[in-house]
Amino acid sequence: MSDAANPYLVIFDCDGTLVDSQNIIVTAMTCAFESAGRTPPTRGETLSIVGLSLPVAMSMLAPDADDNGVERLAEDYRQAFGALRSEPSLHEPMFDGMADALRALHARPDVVIGMATGKSRRGVDRIVEKHDLGGMFSTIQTADGHPSKPHPSMIEQAMRDADAEPQRTVMIGDTTFDVEMAVGAGVTPIGVAWGYHDVAELRSAGADLVAESPAELIPMIDRAFDLEGAS
């Protein structure tokens, strides 16, 4: 077991890992492209870029757009997303079991919990408030202050915030961008099978550990830290 001066850092992605945001993301993306007079991407195309910072995602979905076009799409998406938040059918529920996993980890004195997400800080604050997660996360890194995933900047800052070492840090996410970010930062990636990229893609990107359900996460985290039986 560790002590407070030498914690285990468990970093979570948000969209597709903690919360199921696919319906509102796809609807907002369709609205943004239609507003710009463009053919919207397919559902699969939109979900494939979840986790990236918004300008990077728009550049991938509209490769012919110039900088102004990319910024217009990004702003139209922000506006649409904000307007759609009031739609009950498009709310962002937590995946079943994730709140329990967070509470169990938060109760452990050896663990610090972080978040690294392509969301804005405003979006993260809304999720934290909506799901009563205040105080759970000791470090939150968002797209507002970092290069897009898979650049390791968010994980590196989270480790500095928590005074954690790479060998005592895991990154949990549902996309290859999360896995590649973890590999780039020298920490252990743990994939989740309920998100936006499939298990084969996660494993190919470097995730030797992939949880099939939230109930598997804590045993898998202990395995990554060689702490089986310690929780």
A.B. asks: Quick one: which residue pairs count as a ring-ring contact (aromatic ring centres under 6.0 Å, His included) with a foot in residues 57-81, not counting sequence neighbours?
C.D. replies: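 Sorted pair list: Y77-F81.
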A.B. asks: Residues two or more places apart in sequence or in another chain: which of them pass salt bridge (Lys or Arg N to Asp or Glu O under 4.0 Å) with D20?
C.D. replies: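 For D20 there are no salt bridge (Lys or Arg N to Asp or Glu O under 4.0 Å) partners, ignoring immediate neighbours.
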A.B. asks: Once ring pair (Phe, Tyr, Trp, His ring centres under 6.0 Å) is applied, do any residues pair with F12, and if so which ones, sequence neighbours excluded?
C.D. replies: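 For F12 there are no ring pair (Phe, Tyr, Trp, His ring centres under 6.0 Å) partners, ignoring immediate neighbours.
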A.B. asks: Can you run down the side-chain hydrogen bond (donor to acceptor under 3.5 Å, both in side chains) pairs that involve residues 188-203, sequence neighbours left out, and say none if there aren't any?
C.D. replies: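 Passing the test, one end in residues 188-203: S21-Y196, T176-H197.
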A.B. asks: Write out all pairs satisfying side-chain hydrogen bond (donor to acceptor under 3.5 Å, both in side chains) with one or both partners inside residues 95-106, taking only residues at least two apart or from two chains.
C.D. replies: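 Of all non-adjacent pairs touching residues 95-106, those that pass side-chain hydrogen bond (donor to acceptor under 3.5 Å, both in side chains) are D100-R103.
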A.B. asks: Could you note down all residue pairs passing ring-ring contact (aromatic ring centres under 6.0 Å, His included) where residues 17-51 supplies at least one of them, sequence neighbours left out?
C.D. replies: none
A.B. asks: Any donor-acceptor pair under 3.5 Å linking the side chain of D144 with the backbone of R121?
C.D. replies: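 A pair under 3.5 Å: yes.
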A.B. asks: Could I get the full list of side chain to side chain donor-acceptor pair (under 3.5 Å) partners for T139, not counting sequence neighbours?
C.D. replies: Q141, D161
A.B. asks: Verify the cluster assignment for V179 and V187: are they in a single hydrophobic cluster under the rule of side-chain heavy atoms below 4.5 Å apart?
C.D. replies: no
A.B. asks: Is there a path of hydrophobic side-chain contacts, each under 4.5 Å between heavy atoms, that joins M159 and I113?
C.D. replies: no
A.B. asks: Main chain of L209, side chain of R223: is a donor-acceptor contact present, judged purely on distance under 3.5 Å?
C.D. replies: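 Looks like no, no N/O pair under 3.5 Å.
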A.B. asks: Pairs of donor and acceptor atoms involving the side chains of residues 60-69, under 3.5 Å and at least two apart or interchain, shall be tabulated with distances.
C.D. replies:
residue	atom	partner	partner atom	Å
D64	OD1	R38	NH1	3.0
D66	OD1	N68	N	3.2
D66	OD1	G69	N	2.7

A.B. asks: Short question: side chain of S148, backbone of S53 - any donor-acceptor pair under 3.5 Å?
C.D. replies: yes
A.B. asks: Just to verify, what does E212 make a side chain to side chain donor-acceptor pair (under 3.5 Å) with, not counting sequence neighbours?
C.D. replies: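 Testing E212 for side chain to side chain donor-acceptor pair (under 3.5 Å), a comparison that skips the adjacent residues, returns none.
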A.B. asks: What pairs with E156 under side chain to side chain donor-acceptor pair (under 3.5 Å), at least two apart in sequence or on another chain?
C.D. replies: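 So E156 forms no side chain to side chain donor-acceptor pair (under 3.5 Å) with any residue.
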A.B. asks: Among all residues two or more places apart in sequence or in another chain, which pass the salt bridge (Lys or Arg N to Asp or Glu O under 4.0 Å) test with E92?
C.D. replies: K119, R126
A.B. asks: Taking only residues two or more places apart in sequence or in another chain, which ones pass salt bridge (Lys or Arg N to Asp or Glu O under 4.0 Å) with E75?
C.D. replies: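 Testing E75 for salt bridge (Lys or Arg N to Asp or Glu O under 4.0 Å), a comparison that skips the adjacent residues, returns R78.
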